[in-house]
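These notes concern the structure reproduced below.
For the single chain, residues carry numbers from 1 onward in sequence order. None of the values given here were measured: they were computed from a predicted structure.
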Amino acid sequence: MSSSPSKRAAPAVSEVRNFIDGEYRSSSGGKTFDNVNPCTGALNGKVHEATSEDVDAAVRAARAALYGPWGKMSDAERGEILHRVADGIDARFEEFLEAECADTGKPHGIASHIDIPRGAANFRVFADAVKNFATEAFQMATPDGKGAFNIAVRKPKGVIAVISPWNLPLLLMTWKVGPALACGNTVVVKPSEETPTTTSLLGEVMNEAGVPPGVFNVVNGFGADSAGAFLTEHKGVDAITFTGETRTGEIITRAAAKGLRDVSMECGGKNPALVFADCDLEKAIEGTLRSAFANCGQVCLGTERVYVERPIFDEFVARLAEEAGKFKLGLPQDADTDMGPLVSHEHQRKVLSYYQLAVEEGAQVVLGGGVPDMPPELAGGAWVQPTIWTGLADDARVNREEIFGPCCHVRPFDTEDEAIALANDTDYGLAAAIWTENTSRALRVSTAINCGIAWVNSWFLRDLRTAFGGAKESGMGREGGEHSLEFYTEMQNVCIKI
Ligand SMILES: NC(=O)c1ccc[n+]([C@@H]2O[C@H](COP(=O)([O-])OP(=O)(O)OC[C@H]3O[C@@H](n4cnc5c(N)ncnc54)[C@H](O)[C@@H]3O)[C@@H](O)[C@H]2O)c1
Ligand SMILES: O=C/C=C/C=C(\O)C(=O)O
């Protein structure tokens with residue numbers, strides 16, 4: 001089923017330290033934790049866990065750098081440096097690729113087309129966007145007849161805490177760091193404990209590109225009672241940008257309430273796909289295969305609920321299962337690998353508990369439902385089978401809770417109104433995919449779904465200038481294009497009396 005026994009998972013950086021004030025520093029408490037390869041269960045290396053003193057040093061370095069050369073540069077000068085950061089990622093593409101795949105287990109095909117290039121693009125796009133970011137001006141009348149002008153200026157918000165997840169580590173971290181730095185802020189990043197390596201490696205690139213010390217800092221560790229909480233509760237942090245689970249977002253929002261710090265929250269989803277009988281079936285199947293199973297289902301925008309118009313329901317389910325059943329599970333570096341493992345054994349236990357729950361809740365298992373049979377050298381990995389269910393009630397937990405694995409439930413519908421109601425019957429509101437060749441229907445349905453991002457006849461087609469974020473429990477605020485620039489700046493109105 002997988003690669004030859006002679007192949008090994010990619011070696012990774014063996015020791016990941018914190019990056020503070022332009023240099024790599026060991027944990028001041030001497031504490032480390034394991035970074036485990038999810039393909040094999042082997043040790044990738046050790047990660048230095050930041051103490052509260054380390055986090056404090058990082059925040060202080062970021063504060064000092066804000067008042068140093070970085071804060072005094074023009075957008076154009078900063079932009080030039082950020083372009084060099086992007087070039088630096090490109091120049092070390094292979095290193096980033098190996099590190100990302102060793103931490104996540106994802107296939108090279110995904111990381112080399114999405115994660116690493118987007119990691120570089122996030123710096124270029126925002127370095128350029130900030131140059132065209134206009135403010136506002138209002139001329140007003142005054143009783144003396146002379147008038148006044150109001151001119152708005154935008155300033156960096158200050159020290160930004162960036163808390164990022166493990167599913168697209170470099171991509172989602174730079175999606176925040178790129179615009180934050182382009183706007184003149186400084187950052188302290190706490191990457192996921194599961195996937196710290198590419199964030200750490202970025203420190204070297206920052207130094208090589210000429211980013212002044214203290215502008216980009218990295219502290220490693222966990223959430224509660226660790227680097228995540230130390231950072232988000234730190235008084236020296238001016239704003240917090242977070243991507244991760246909704247429940248974690250709530251905890252961080254509470255921490256941010258102290259001192260009324262601003263937050264940007266990109267959280268979970270339970271995203272629907274609506275497949276109408278007038279769709280291009282080939283495209284709908286190909287798109288749903290990606291939206292449900294890409295990155296082993298670990299994409300916040302991924303589909304976990306598929307609603308299919310009854311006349312094509314049986315054919316759709318059969319074809320989806322047939323194609324997903326052909327996925328080859330294997331090592332990142334094998335060219336024919338379609339799907340890697342889940343990110344960790346902990347996440348594997350969570351996903352498998354939902355596989356079991358689906359059966360208990362009365363699902364028909366159309367495909368998968370368990371652990372695949374892997375060759376001995378991969379037996380220690382966090383593998384699960386791609387899984388498709390039908391027959392669950394709409395209020396089944398499997399239909400309501402985010403699983404974040406390679407699985408979906410497929411259910412028939414009879415009318416457009418019913419499909420819209422089913423799509424909206426969720427606590428979440430991140431993304432939706434609509435498959436129809438009828439343009440009026442596409443517009444009607446996409447705008448009737450309460451979510452931040454709706455795709456018609458596509459999925460994960462991303463223009464970085466567009467608004468990105470979730471409705472309901474999927475988040476708060478928008479990032480992307482000008483929306484990121486708004487979040488990472490503070491607007492000041494200057495009123496000038498003539
Ligand atoms: N909306 C989006 O843009 C988006 C994108 C990717 C992932 N996600 C969501 O992320 C989740 C998967 O990622 P995850 O499991 O890494 O999420 P998570 O919430 O467990 O962890 C995210 C980050 O928060 C940190 N953290 C955890 N507890 C914390 C605390 N108390 N204080 C401070 N930091 C804390 C973690 O260490 C990690 O760095 C899914 O729910 C997925 O939908 C959302
Ligand atoms: O798992 C979530 C994926 C989010 C993707 C983006 O934020 C993006 O493409 O910018």
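The local environment of CD in Glu23 is crowded, with over 12 non-hydrogen atoms from other residues, nucleotides or ligands closer than 6.0 Å. Around the CZ atom of Arg465, the shell of radius 6.0 Å holds no more than 12 heavy atoms that belong to other residues, nucleotides or ligands. Within 6.0 Å of the CG atom in Asp225, the count of heavy atoms belonging to other residues, nucleotides or ligands does not exceed 12. In this structure, Lys472 places its NZ atom where more than 12 heavy-atom neighbours from other residues, nucleotides or ligands lie under 6.0 Å away.
Tyr488 has its ring centre no less than 6.0 Å from the ring centre of Phe126. The ring of Tyr24 has its center closer than 6.0 angstrom to the ring center of Phe19. Here Phe404 and Trp166 bring their ring centres to under 6.0 angstrom of each other.
Here the shortest heavy-atom pairing between Val189 and Ser164 reads CG1-OG, 4.3 Å. In plain terms, the two heavy atoms of Ser474 and Gly429 that are nearest each other are OG-N, 2.9 Å. Closest non-hydrogen pair, Val85 versus Val205, comes out as O-CG1, 3.4 Å. Of all heavy-atom pairs between Thr32 and Lys46, the closest is OG1-CD, 3.7 Å. Val275 and Cys279 get closest at one heavy-atom pair: CG1-SG, 3.8 Å.
Separating the CG atom in Asn18 from the CG atom in Asn220 is a distance of 5.0 Å, to the nearest 0.5 Å. Note that CD of Glu266 and CG of Leu172 are 8.5 Å apart. Values are rounded to the nearest 0.5 Å. If you take CD on Glu418 and CD on Glu309, they are separated by 9.5 Å, rounding to the nearest 0.5 Å. In this structure, the separation between CG on Asn44 and CG on Asn35 is 4.5 Å, given to the nearest 0.5 Å. Remark: His108 NE2 to Ile116 CD1 distance equals 9.5 Å, nearest 0.5 Å.
Tested against Ser264 for a side chain to side chain donor-acceptor pair (under 3.5 Å), the candidates His483, Arg478, Glu479, Lys176 yield a single pass: Glu479. Looking at Arg411, Lys270, Arg400 one by one, the single match for salt bridge (charged side-chain N to carboxylate O under 4.0 Å, His left out) with Asp394 turns out to be Arg411.
Arg305 forms no cation-pi arrangement with Trp389, by the criterion of a distance under 6.0 Å to the ring centre and an angle within 45° of the ring axis.
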